[in-house]
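Accompanying notes for the structure given below.
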Amino acid sequence: MSLDSPTMGCTESPVLRERGQKAVFCGLTGIVWLHRKMQDAFFLVVGSRTCAHLLQAAAGVMIFAEPRFGTAVLEEQDLAGLADANAELDREVARLLERRPDIRQLFLVGSCPSEVIKLDLERAAERLNTRHAPHVRVYSYSGSGLDTTFTQGEDACLAAMVPTLAASDEEELIVVGALPDVVEDQCASLLSQLGVGPVRMLPARRKDAAPTVGPNTRFILAQPFLGDTAAALERRGAKRIAAPFPFGEEGTTAWLKAVADIYGVSAEKFEEVTAAPRARAKKALAAHKGTLEGKSLFLFPDSQLEIPLARFLARECGMVPTEVGTPFLHRAIMAPELEMLPSTAQLSEGQDLEAQLDRHEAINPDITVCGLGLANPLEAKGHTTKWAIELVFTPIHFYEQAGDLAGLFSRPLRRRALLAGGTTA
Ligand code: SF4
């Protein structure tokens, strides 16, 4: 098959469904970026020292900046008597809120240990909510490794907020998914130039700016891993705008176009608003194409960003996806992406690590996208890797970030070529 014209469309492709040993983060890691987005929120994990260590490791240097998250560590006596655990949780929360009066939203985050001992955090949140309302709103969700993989922690968090959003009949558009502030501003500016509005974000930066929801609400996902949040919004009467995700020039244009069509924006207006940033994105992408074109790509399951990213890298950078793994495949949400993905890509859902490593070895791709636990061992075996976690911390959405997004993949290839003393082209 010619690389110039790969057959597009994975909608009908068979998906390899795997269960077995996994190498993924649990949903607690979502706290690391969510606490930065929601500036008046605090995330209190109810878990063990393992959970506290995980957060410490994932947050890196951020733990020295008085972050708005922490772990209420379950001790042996808590495991013996649940009544004590509840009383102690209430005491800890009261102390925390007294010390940090700036906190307006408190999330009790469930973990594997809290789930195993059946500590009912939903009830605890209700109880604490009545005690600390109206100044503080208390929510609960699970970020445990038993229920959630990595970015699903954000989905669980946002889905927990939806039932508490104020009801309204206003015609409003909600952009769903935590984006870095600079990206959120670009998104809001493009939509306002198109004449679309009012636009709200979920999550909002502060409690007071939370969106309202009702039968006249439309929403569009900015992240692909928000299936439960989408379902929760639909239960409140809101309607989802289906679109590919705003990665790369093509993805961003298709995402904006989906909104523009619903809001009746004229083709002339759309062209006028998008022409300049599209040209900038294309130019920025061209700088990386020489390194990426024709290179094969293997993605281990990690964040659910894998399918949109493979689509972007295939169509806009000329890469050749081999296996595209995802921890969870939401068919309806991913439909526009699957239509655009080259049909040569093997899709896999879930993980059986050893079997996947064997397939990876047989394919021997030019670049492998994987978690931190796999990256160094694979590098040591001579593979070039890209850490998937960077893709959730780095601004990668919309036009102005298209070049940076391609750069995240071209850099490891360039570095390897430099170390080998060769060229990348
Ligand atoms: S929630 Fe579970 S998987 Fe995550 S750190 Fe705690 S014990 Fe480990």
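Whatever order the structure lists ligands and atoms in, that order sets their numbers, starting from 1.
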### Task
Give the intermediate values and the outcome of ring-ring contact (aromatic ring centres under 6.0 Å, His included) for residues Phe69 and Phe43.
CA-CA 4 Å; Phe69 61 81; Phe43 293 80; 8.1 Å; no
#### Entry: Option from Phe312, Phe398, Tyr399, Phe245 for which ring-ring contact (aromatic ring centres under 6.0 Å, His included) with Trp255 holds
Phe398
#### Entry: Protein residue, atom and distance nearest to atom 8 (Fe) of ligand 1, heavy-atom basis
Thr50 CG2, 4.0 Å
### Query
Under 2.8 Å from atom 2 (Fe) of ligand 1, is there an N/O/S atom belonging to Cys112?
yes
### Task
Under 4.0 Å from a heavy atom of Ser144: give me the atoms of ligand 1 that qualify, with their elements.
1 (S)
### Query
What's the shortest distance from atom 6 (Fe) of ligand 1 to any protein heavy atom, and which residue and atom give it?
Cys51 SG, 2.4 Å
### Query
Between Gln39 and Arg206, does any side-chain donor sit less than 3.5 Å from a side-chain acceptor?
yes
### Query
Is the closest side-chain donor-acceptor distance between Glu115 and Ser144 under 3.5 Å?
yes
### For Ser111, the ligand 1 atoms whose distance to one of its heavy atoms is below 4.0 Å
1 (S)
### Message
Does the residue Ser48 have a heavy-atom contact with ligand 1, meaning some pair of atoms that are separated by less than 4.0 Å?
### Response
no
### Message
Which of the numbered atoms in ligand 1 are under 4.0 angstrom from any heavy atom belonging to Cys26?
### Response
1 (S), 3 (S), 4 (Fe), 5 (S)
### Message
Exactly one of Glu400, Glu316, Glu249 should register a salt bridge (charged side-chain N to carboxylate O under 4.0 Å, His left out) with Arg278. Which one does?
### Response
Glu249
### Message
Looking only at the side chains, is there a donor atom on one of Gln105 and Asp40 sitting less than 3.5 Å from an acceptor on the other?
### Response
yes
### Task
Show which atoms of ligand 1 fall inside a sub-4.0 Å distance from at least one heavy-atom site of Gly145.
1 (S), 2 (Fe), 3 (S)
